[in-house]
Amino acid sequence: MQISIDGQRLWSSLMAMAEIGATPNGGSNRLALTQEDAAGRHLLIEWCEEIGCQVRVDGVGNLFIRRPGKRNDLKPVATGSHLDTQPKGGRFDGVLGVLAGLEVFRSLHDHNVVTERPLELIVWTNEEGSRFAPAMVASGTYAGVFAVEETLARQDANGVTFGQALEETGFKGSLPIGEPQLASFFELHIEQGPVLEEEELAIGVVTGVQGMRWFDLTIHGNAAHAGTTPMSYRQDALAAAARLIDRLYTHAVYDTSGDTKVTFGCLEIDTPSRNVIPANVSLTVDLRHVVDEQLDILEERLRSELADITGTFGVAVNLERTWASPVVKFDEQCVAALERAAKCHGIPYRRMMSGAGHDAVYVSRVAPTAMLFIPCRDGISHNEAEYSTPEHCALGAQTLCDALIENANSLEVNV
């Protein structure tokens with residue numbers, strides 16, 4: 001069954017959503033469960049109800065918007081992403097996946113097409129993690145990774161809990177956590193990297209997501225006078241941190257596969273002063289790889305380098321692993337459905353792994369799942385300058401549409 005989506009309507013929807021929480025430099029600011037986020041959700045609900053969809057909300061604020069099928073006793077085929085953004089985020093990250101799903105629903109409505117299985121458009125709460133840590137916490141709660149009580153108790157920087165924010169915005173729903181169960185799930189997203197644009201490809205069929213491990217590290221040295229303390233007597237916590245960063249970064253750079261990634265995103269000197277040797281330095285460490293065994297080796301390298309700096313600089317270290325996500329392999333049948341859709345329309349594509357985490361990571365634990373990417377200009381994301389063309393947005397939505405229809409008309413998929 002061939003249904004053509006309306007690319008111009010999709011673009012208009014994207015731009016209308018971008019007006020909610022618009023930032024001065026063309027981006028978006030809709031932190032999770034703020035009034036701006038709630039306004040975006042209400043606009044989406046209004047659009048969906050206009051075409052006869054049914055809206056339900058679960059206990060952590062995830063939206064499940066159903067388009068009925070011929071066999072509503074069967075598990076739905078689902079798509080979606082998130083509407084929350086970074087404080088100065090873009091107009092496409094997450095939002096594209098939600099509004100492309102809406103466009104599929106609208107196109108089916110235009111053509112009076114009813115699929116065998118029902119379709120579900122999902123908006124996952126707090127994907128970004130920029131208000132309530134960690135990221136993807138609500139999809140993780142749906143998948144049973146996080147306890148509901150723990151999720152509701154998480155606090156933002158002002159001490160407001162997740163549960164309070166749900167109540168304040170009116171998005172504390174009654175749908176049981178983990179419902180509905182899904183026959184399959186597809187998530188469309190911008191790549192958030194430069195590969196597709198560099199290779200002049202319109203679609204990335206995502207086969208999985210690389211493994212990630214986050215650490216909080218504190219290095220304890222000894223404060224002393226910068227002018228009177230000989231270099232050989234120093235216990236410089238910042239110098240030790242610099243050695244660690246340099247060695248791990250160099251190790252990653254010399255991995256010719258490009259699969260090793262090391263990032264130190266935050267660094268803080270306790271009571272910094274121009275003429276005092278830093279005594280305590282706190283930093284974050286982000287390790288990523290596409291192979292779990294190699295990620296183990298990378299973590300071992302981190303611990304080995306820490307042992308080295310304790311001896312060399314006379315410092316003590318405290319390392320805490322705060323989060324870990326293993327390498328995810330998406331469902332091959334779902335991946336193949338996306339490939340068939342791209343080939344059918346002659347869209348240039350490649351298979352690829354995702355370097356970033358997405359809600360599909362947790363959903364894949366409980367349902368057959370796959371993702372597809374479209375290019376974003378210069379690979380920029382989490383930035384007001386984030387941009388994807390109307391043409392690429394339309395091609396992504398069309399590929400998504402075909403895969404959803406194929407799966408929704410199959411009664412053999414996870415009955």
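Quick caveat, the model's predicted, so the values are computed rather than measured.
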Side chain to side chain, [X] and [Y], heavy atoms closer than 4.5 Å:
X      : Y      : answer
Thr141 : Ile177 : yes
Thr151 : Phe132 : no
Pro76  : Arg117 : no
Val60  : Leu152 : yes
Cys48  : Leu102 : yes
Ile374 : Ile203 : yes
Arg106 : Ser13  : yes
Val317 : Leu319 : no

I need the single residue from [options] that forms a side-chain contact (heavy atoms from CB on, under 4.5 Å) with [X]. Which is it?
X      : options                : result
Leu238 : Val281, Leu283, Val315 : Val281
Phe330 : Leu338, Thr207, Val206 : Val206
Cys376 : Asp93, Ile190, Leu96   : Ile190

Is [X] reaching over with its side chain to a backbone N or O of [Y], donor-acceptor style, under 3.5 angstrom?
X      : Y      : value
Asp331 : Gln333 : yes
Asn72  : Gly69  : yes
Arg30  : Met17  : yes
His82  : Asp84  : yes
Asn158 : Val160 : no
Arg131 : Leu33  : yes
Gln86  : Gly129 : no

Check the orientation of His42 and Phe171. Use parallel for under 30°, tilted for 30 to 60°, and perpendicular for over 60°.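 Ring orientation of His42 relative to Phe171: tilted.
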What is the ring orientation for Phe185 with Trp124, classed by angle as parallel under 30°, tilted 30 to 60°, or perpendicular over 60°?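 Ring orientation of Phe185 relative to Trp124: perpendicular.
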Please lay out, stage by stage, how Ile3 and Ile405 fare under the test side-chain contact (heavy atoms from CB on, under 4.5 Å). CA-CA 9 Å; Ile3 298 292; Ile405 291 173; 3.9 Å; yes
Determine, stepwise, if the pair His358 / Thr369 fulfils side-chain contact (heavy atoms from CB on, under 4.5 Å). CA-CA 12 Å; His358 300 282; Thr369 297; over 6 Å; no
Would you say the side-chain atoms of [X] and [Y] include a donor-acceptor pair closer than 3.5 Å?
X      : Y      : answer
His382 : Glu128 : yes
His220 : Asn280 : yes
Ser81  : Glu187 : yes
Thr125 : Arg41  : yes
Glu103 : Ser107 : yes
Asp255 : Ser257 : yes

Looking at Tyr362 versus Phe146, is the centre-to-centre ring distance below 6.0 Å?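 Ring-ring flag for Tyr362/Phe146: true, centres closer than 6.0 Å.
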Kindly state whether the ring of His392 and the ring of Tyr387 have centres lying under 6.0 angstrom apart.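 Here the rings of Tyr387 and His392 have centres that are no less than 6.0 Å from each other.
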Test salt bridge (Lys or Arg N to Asp or Glu O under 4.0 Å) on Arg56 and Glu179; report intermediate values, then the result. CA-CA 10 Å; Arg56 295 169 296 167; Glu179 294 293 334; over 6 Å; no
Heavy-atom closest pair, residues [X] and [Y]:
X      : Y      : value
Gly357 : Glu127 : O-OE2, 3.5 Å
Ser4   : His111 : O-CE1, 4.2 Å
Arg9   : Asp6   : N-OD1, 3.0 Å
Thr34  : Leu31  : OG1-O, 2.6 Å

From the options Thr322, Asp296, Asp286, select the one residue that forms a side-chain hydrogen bond (donor to acceptor under 3.5 Å, both in side chains) with Arg213.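 Of all the options given, the one that passes is Asp296.
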Please name the residue in the list Arg91, Glu384, Lys88 that meets the side-chain hydrogen bond (donor to acceptor under 3.5 Å, both in side chains) test with Thr23.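 Running side-chain hydrogen bond (donor to acceptor under 3.5 Å, both in side chains) over Arg91, Glu384, Lys88 with Thr23 returns exactly one hit, Glu384.
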